[in-house]
Structures are given as C-alpha cells and as structure tokens.
S.K.: 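First the structure, then my questions, so here it is.
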Amino acid sequence: MMLAARFYQPGDVRVEDVPDPEPGPGDVVIRVRSCALCGTDRKVAVHGHHRLRPPRVLGHEIAGEVVSAGARVTTWAAGDRVQVIADFPCGACRECERGHLTVCRAREAMSQHYDGGFAEFMLVPAKVIAAGGMNPIPDGTGFAEASLAEPLACVLSAQELAGVRDGDEVLIIGDGPAGCLHARLARARGASRVILAGRNPARLARVAELIELDAAICVQHGDLAGQVAGVTDGRGADVVIAAVGSAAVHEQAVTCAAPRGRVSLYGGLPQGTPPPVIDTNYVHYQELTVSGTSGASPAHNTRALALIAAGAVPVADLITHRFPVTQFASAMAAIASGEAIKVTIEP
Ligand SMILES: [Zn+2]
Ligand SMILES: [Zn+2]
C-alpha cells in the first residue's frame with residue numbers, strides 16, 4: 001500500500017492508504033518526487049470538476065523517477081528521471097489533426113481520468129507515453145523545478161495564443177504562481193515592460209522584488225484601467241493576461257488593453273460563476289483580440305522544461321513551501337493564506 005491524497009467530493013479530500021499501482025504491458029510506474037499544487041487543485045478540491053470521476057488521486061504537475069515498466073515499454077527504464085504532462089490529446093480527432101491539441105474533444109487528464117501525483121507512486125498510462133507525454137529531466141534540473149514545467153507549459157500556450165513578443169508592454173493581473181510564471185516568461189519572450197497587478201500590498205511588494213517588475217499595481221487603490229494608463233503613457237498594455245479565476249478580473253482585463261491589444265483570459269472561473277459582462281464595444285473600437293486558453297500540449301511541456309533547464313525561466317526561487325503528502329491539508333492552507341508562492345508535495 002502507499003499514501004495518496006484522494007478526492008471524494010467537493011470539500012472532501014482524504015490522505016489514505018491505497019493499493020500500489022501495477023503497470024500494464026505499455027505503462028510505466030514512477031516514484032513521485034515532486035508534484036506541485038496549483039490553483040486548479042484548490043478549485044477542484046472545493047468545487048469539484050466536471051471531468052473528474054471520484055475517488056481520484058489529485059495532482060497534475062508531476063515529476064519523478066521510473067521504478068518499473070511494462071513488458072512492451074522499450075524507451076524507458078528504472079532510474080530515468082521524468083516529467084509527466086497533465087492533459088493528453090487523443091491524436092485522432094479533427095482538432096488534433098489541425099494541431100489544436102489543447103482543445104481535443106476527447107482529451108483526458110492525469111488527476112481527472114487517471115490518478116495523479118499526490119501519491120508515493122503513480123501509473124503513467126501507455127496513452128500518455130504514446131502522446132509524447134513523458135519528458136526526460138536534464139541533469140542539473142531538480143525534480144521540484146521540473147514539476148513546474150506543467151504550469152509553465154500552460155502559461156507558454158497562453159502567451160503563444162496572445163502573441164507575446166519583443167517590445168510588448170505586458171500587464172498581468174494576479175500575483176499568484178501563474179502570475180509570477182507569466183511575468184518570468186513574458187520577460188524571456190522579450191517584453192519591454194512587465195507590469196503586475198495584485199490585491200494584497202505586502203504580497204505584491206514581495207512579488208515585485210522577486211520578479212523585478214517594471215511596475216506593480218495594487219487593485220485596492222481602485223480604477224485598474226486608470227492605474228494601468230498611468231504607467232503606460234495613457235495607452236494601456238499591449239497584452240493583458242487575466243491570471244485570476246475571477247469574473248470581475250475578466251471584465252476589467254479588457255478595459256486595460258492598448259489599441260490593437262491582446263487579452264488572454266488565463267484563469268478559468270469556478271463552475272457556476274455567473275458569466276462576466278464584457279464591454280464588447282471597447283473590444284470593437286480598440287480592435288482588441290481576446291483569447292481563451294486551457295491547458296497545454298505535450299510539446300508545450302517539452303519546451304517549458306527546456307526553458308527551465310536552460311535558466312531562461314527560473315522557477316526554483318518561486319517554490320516557497322514543500323510538504324510531504326501526509327500534510328496535504330497544510331499545503332492547501334499555505335496556498336489559501338496567500339503566504340506561499342508555489343507549493344510542492346514531495347511524497
Ligand atoms: Zn496546475
Ligand atoms: Zn483529439
């Protein structure tokens with residue numbers, strides 16, 4: 001038996017003994033070395049998720065070490081250090097054929113259709129391996145850093161869709177881990193200025209120092225669009241990334257964009273949230289492009305891990321708390337309190 005954090009229903013996640021996973025002929029079993037927590041885990045733990053069938057081991061930001069492989073597995077062996085994707089596409093539908101893997105209608109996910117990484121061991125299904133969903137971790141990159149490749153992959157997918165490029169003034173709304181990763185990646189992609197808006201002044205000051213922001217805006221001082229105009233010569237930001245799952249933030253994001261700006265709605269809203277009211281006339285006259293984004297493809301994961309390994313997007317300093325799986329509740333509390341930036345479970 002092994003310890004795992006399993007979701008039963010909204011508000012009910014139990015750390016308990018479950019049977020060790022046994023690999024089928026095409027599967028691999030890893031010893032989980034780091035599985036990072038993210039806002040989505042908290043959202044799922046509190047509200048549930050339409051694609052998740054309980055009981056289910058949570059955790060989708062996964063890095064570990066291969067301990068056993070099925071008889072048909074030839075490319076992986078015990079001892080290999082690996083990072084595992086969260087979402088994986090079917091590879092056969094119209095969306096997949098067109099290369100739009102993140103919106104594959106038959107996509108499945110670790111921690112939703114298959115048990116995830118908040119456990120001592122995890123089965124990597126043959127389908128994940130076939131989809132290119134397991135990446136070797138380069139020497140010199142730790143498991144905890146590698147486990148941040150999955151959230152960075154989602155951030156990378158969003159910034160590609162929003163076309164973040166050289167010379168852009170980028171506004172990120174949200175000082176959580178996703179906001180920090182967005183800020184670091186925007187810088188790596190050549191943003192001329194990185195501006196971040198947050199709610200808690202103490203946290204904002206800490207993030208501003210850590211990320212070396214060009215400007216930090218506290219939303220509690222009111223009129224976000226006015227404050228953004230104040231630090232962008234009255235133009236607004238070329239790219240606005242709503243990195244918070246809040247309807248109000250989605251509404252405000254659009255009003256902070258410069259003419260011809262791009263707005264990325266990165267943070268998904270909890271199930272049941274009344275739809276935000278977006279000023280489409282502002283979108284119309286400013287010729288804005290609004291993009292949605294959800295998850296990441298296997299190739300995004302590969303490239304995100306390479307960005308981390310190369311030092312182009314540093315992540316080690318974002319990991320402020322590490323817990324064993326037995327302290328899952330404390331890990332969740334560290335996220336909820338706003339004290340942590342990134343939290344990992346190291347079972
Ligand atoms: Zn995540
Ligand atoms: Zn598909």
Side-chain angles (χ1 to χ4, degrees), residues 5 7 13 32 34-49 51-52 56-63 83-118 122 125 127-128 130-133 135 144-159 174 176-182 184-185 241 243-245 264 266-270 293-301 304-305 308 313 315 318-319 321 328 331-332 334-336 340-345:
F7 172 89
V13 178
V32 180
S34 176
C35 187
L37 265 163
C38 87
T40 302
D41 294 310
R42 189 157 168 264
K43 199 166 73 180
V44 169
V46 175
H47 299 279
H49 191 282
R51 292 199 289 165
L52 187 153
R56 181 66 69 217
V57 179
L58 298 178
H60 60 271
E61 304 182 352
I62 307 154
Q83 181 264 343
V84 182
I85 59 173
D87 288 288
F88 51 100
C90 77
C93 70
R94 182 84 177 105
E95 268 48 69
C96 283
E97 267 174 25
R98 304 186 79 196
H100 303 161
L101 304 184
T102 47
V103 286
C104 162
R105 282 179 288 173
R107 71 187 184 279
E108 295 184 310
M110 303 306 293
S111 85
Q112 291 178 355
H113 303 81
Y114 299 91
D115 282 336
F118 295 144
M122 187 191 82
K127 282 188 201 177
V128 170
N135 292 301
E145 289 168 84
S147 67
L148 267 60
E150 194 283 328
L152 181 61
C154 299
V155 161
L156 177 60
S157 176
Q159 292 203 12
C180 293
L181 288 172
H182 270 297
R184 284 259 161 94
L185 182 65
I241 298 168
V244 182
S264 171
Y266 182 83
L269 307 181
T293 181
S294 174
S297 70
H300 287 123
N301 278 258
L305 183 57
I308 291 170
V313 180
V315 297
L318 302 180
I319 302 167
H321 294 64
F328 183 76
M332 280 287 187
I335 287 199
I341 294 181
K342 197 67 185 172
V343 176
T344 61
I345 300 283

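Indexing begins at 1, ligand by ligand and atom by atom, following the structure's order. Computation of the quantities below employed the complete heavy-atom set of this structure, encompassing side-chain atoms and omitting hydrogens, waters and symmetry-equivalent molecules.
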S.K.: Is any side-chain heavy atom of C154 closer than 4.5 Å to one of Y266?
M.R.: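 A side-chain contact exists here, since the closest heavy-atom pair is under 4.5 Å.
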
S.K.: Any luck finding a side-chain donor-acceptor pair between H60 and D87 under 3.5 Å?
M.R.: no

S.K.: Quick check for you: with the Zn ion (ligand 1) as the vertex, what angle do SG of C38 and NE2 of H60 span, to 10°?
M.R.: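 The two atoms form an angle at the metal of about 100°.
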
S.K.: What N/O/S atom of E61 is the closest to the Zn ion (ligand 1)?
M.R.: OE2

S.K.: Angle at the Zn ion (ligand 2), SG of C93 to SG of C96, rounded to 10 degrees, please.
M.R.: 110°

S.K.: Would you find a donor on one side and an acceptor on the other, under 3.5 Å apart, between the side chain of N301 and the backbone of S297?
M.R.: yes

S.K.: Judged by atom type as modelled, is there a donor-acceptor pair below 3.5 Å linking the side chain of R184 to the main-chain atoms of V313?
M.R.: no

